[in-house]
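A short write-up of the structure that comes next.
All values reported here derive from a predicted model rather than from experimental measurement. Atoms considered below: every heavy atom in the structure, side chains included; atoms not considered: hydrogens, waters and symmetry mates.
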Amino acid sequence: MAEHAPSAADPAPAASGAAPDDEASATSAVMPGTTADAAPGGEAEPARPRRSAATRAAILAAARDRFAADGYERATIRSIARDADIDPSMVMRYYGNKAGLFAAASEIEVHAPDLSHVPRDEAGARLVRHFLERWERDETLTGMMRVGVTNEAGAQRMRGVFAEQIKPVLAAVCPVPEEAPTRAALIASQILGMALCRYVLHIPPAVDLGHDEVVAWLAPTIQRYLTAEHP
């Protein structure tokens with residue numbers, strides 16, 4: 001029987017004693033006239049750092065891996081929480097439900113470069129090099145590529161992200177503005193295809209190519225999609 005994620009309305013399991021939640025530090029009884037953070041010498045101790053950022057990062061990392069492995073439909077809040085080593089109620093607290101978690105896990109910022117100040121004939125090379133460097137320093141992109149390969153929800157998300165975020169790049173150099181959506185899709189086909197072969201499938205020739213070699217092979221095609229007046 002399929003495992004169902006707990007509802008956001010489900011009460012959190014009761015705990016014995018006063019257990020602190022993820023964002024709040026443990027509290028202790030304070031005697032009248034004393035300060036909770038006071039050290040024996042009278043100096044205030046620094047507040048305990050909040051752990052919410054680390055918890056969110058752990059949840060999102062586990063979610064990307066689980067969505068990639070199981071697909072959107074089969075992945076559950078409970079399995080993701082187990083992978084992140086936290087209680088399922090914490091996932092519900094931060095993201096509400098599986099749809100909200102997926103939306104957060106698939107949020108991608110590609111930081112596409114501004115090509116308006118780049119020499120026109122260097123635009124393709126600049127864009128390819130940017131994505132090579134971007135992909136290699138952000139595992140989120142690789143994780144979402146895996147999700148996109150395994151289920152339609154992830155694929156749709158990846159298509160939308162790249163199409164939308166490449167539009168501003170095209171606005172600076174495209175000679176036929178009404179063709180921008182088509183050109184963005186073509187650029188995404190090259191960029192995502194390269195990433196799939198190099199960082200997900202690990203096809204040896206693609207992995208072994210240096211950055212300059214990848215740029216030399218792909219840049220002319222990307223350049224044509226960016227600036228050619230006709231196919």
Side-chain angles (χ1 to χ4, degrees), residues 60 63-64 67-68 71-73 75 95 98-203 206-207 209 211-231:
L60 293 180
R64 292 182 190 110
F67 284 133
Y72 179 81
E73 295 300 330
Y95 300 106
K98 187 166 72 170
L101 176 58
F102 181 77
S106 61
E107 187 66 34
I108 300 172
E109 176 54 63
V110 300
H111 301 292
D114 180 4
L115 299 180
S116 60
H117 303 297
V118 175
R120 187 178 179 82
D121 60 352
E122 297 177 13
R126 177 70 182 86
L127 194 59
V128 174
R129 194 172 297 278
H130 167 81
F131 277 106
L132 277 172
E133 295 171 353
R134 184 80 180 82
W135 227 287
E136 291 181 4
R137 68 173 183 262
D138 188 350
E139 294 183 358
T140 299
L141 293 174
T142 303
M144 284 311 303
M145 172 64 76
R146 293 193 184 99
V147 175
V149 170
T150 58
N151 72 91
E152 177 56 27
Q156 183 176 358
R157 181 66 171 162
M158 290 292 288
R159 288 194 297 266
V161 165
F162 273 78
E164 288 301 316
Q165 296 191 31
I166 288 178
K167 281 182 181 179
V169 175
L170 281 160
V173 296
C174 181
V176 188
E178 60 268 26
E179 293 178 355
T182 298
R183 293 175 185 243
L186 291 170
I187 291 170
S189 74
Q190 298 296 309
I191 297 296
L192 295 179
M194 177 271 296
L196 177 65
C197 293
R198 187 176 175 92
Y199 304 116
V200 177
L201 300 179
H202 301 291
I203 296 176
V207 174
L209 288 171
H211 281 202
D212 290 344
E213 292 176 294
V214 174
V215 171
W217 280 108
L218 290 187
T221 300
I222 299 298
Q223 182 73 36
R224 183 163 63 88
Y225 293 155
L226 284 171
T227 61
E229 294 188 5
H230 306 286

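Between Glu122 and Arg129, no side-chain nitrogen of the basic residue sits less than 4.0 Å from a carboxylate oxygen of the acidic one, so the salt-bridge criterion is not met.
For Arg146, there are no side-chain hydrogen bond (donor to acceptor under 3.5 Å, both in side chains) partners at least two apart in sequence or on another chain. Applying the side-chain hydrogen bond (donor to acceptor under 3.5 Å, both in side chains) rule to Arg183 yields the partners Glu179; only residues at least two apart in sequence or on another chain are considered.
Shown here is Glu178, whose CD atom has more than 12 heavy atoms of other residues, nucleotides or ligands within 6.0 Å. Residue Gln156 qualifies as open at atom CD: its count of foreign heavy atoms under 6.0 Å is 12 or below. Heavy-atom contacts from other residues, nucleotides or ligands closer than 6.0 Å to NE2 of His202 number more than 12.
In this pair, Tyr72 and Phe102 present their aromatic rings perpendicular. The plane angle is above 60°, beyond the 30 to 60° band.
Two residues are said to be in side-chain contact when any heavy atoms from C-beta on lie closer than 4.5 Å; Val128 and Gln190 fail this criterion. Between Lys167 and Leu170, every side-chain heavy-atom pair lies at or beyond the 4.5 Å cut-off. The shortest side-chain heavy-atom distance between Val161 and Arg157 falls under the 4.5 Å cut-off. Taking 4.5 Å as the limit, every side-chain heavy atom of Leu201 sits out of range of all side-chain heavy atoms of Val149. Looking at Leu60 and Tyr95, their side chains come closer than 4.5 Å, going by heavy atoms from C-beta outward. Counting heavy atoms from C-beta outward, Leu192 and Phe131 have side chains that stay 4.5 Å or more apart.
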Query - Worked verdict on Arg134 versus Arg137 for side-chain contact (heavy atoms from CB on, under 4.5 Å) - result: CA-CA 6 Å; Arg134 184 80 180 82; Arg137 68 173 183 262; 3.9 Å; yes
Requested in this report: May I have the step-by-step check of side-chain contact (heavy atoms from CB on, under 4.5 Å) for Leu141 and Met145, ending in yes or no?
Outcome: CA-CA 6 Å; Leu141 293 174; Met145 172 64 76; over 6 Å; no
Report task. Kindly determine whether Trp217 and Met194 satisfy side-chain contact (heavy atoms from CB on, under 4.5 Å), including the steps that lead there. Result -> CA-CA 11 Å; Trp217 280 108; Met194 177 271 296; over 6 Å; no
Requested in this report: Could you go through the side-chain contact (heavy atoms from CB on, under 4.5 Å) check for Ile191 and Val110 one step at a time?
Outcome: CA-CA 11 Å; Ile191 297 296; Val110 300; over 6 Å; no
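Nearest heavy atom pair, residue Ala125 against residue Val215, reads CB-CG1, 3.8 Å. The two residues Ile108 and Met158 come nearest to each other via the heavy atoms CD1-SD, 3.5 Å. When all heavy atoms of Val169 and Ala112 are compared, the pair lying nearest together is CG2-CB, 3.3 Å. Nearest heavy atoms, Gln223 versus Asp121: OE1-O, 3.5 Å. Closest approach of Ala68 and Val147 over heavy atoms only: N-CG2, 3.6 Å. Scanning both residues, Cys174 and Pro177, for their nearest heavy atoms gives SG-N, 4.1 Å.
A donor-acceptor contact shorter than 3.5 Å is absent between the side chain of His111 and the backbone of His130. In terms of modelled atom types and a separation under 3.5 Å, the side chain of Arg198 and the main chain of Leu209 share a donor-acceptor contact.
Of the inter-residue distances, the one linking Glu136 atom CD with Thr142 atom OG1 reads 9.0 Å to the nearest 0.5 angstrom. To the nearest 0.5 Å, the span separating CG on Leu196 from CD1 on Ile203 amounts to 7.0 Å. Taking CD1 of Ile222 as the reference point, atom OG of Ser189 lies at 7.0 Å (rounded to 0.5 Å). Here the CG-CD1 distance, from Leu226 to Ile187, works out to 4.0 Å after rounding to the nearest 0.5 Å.
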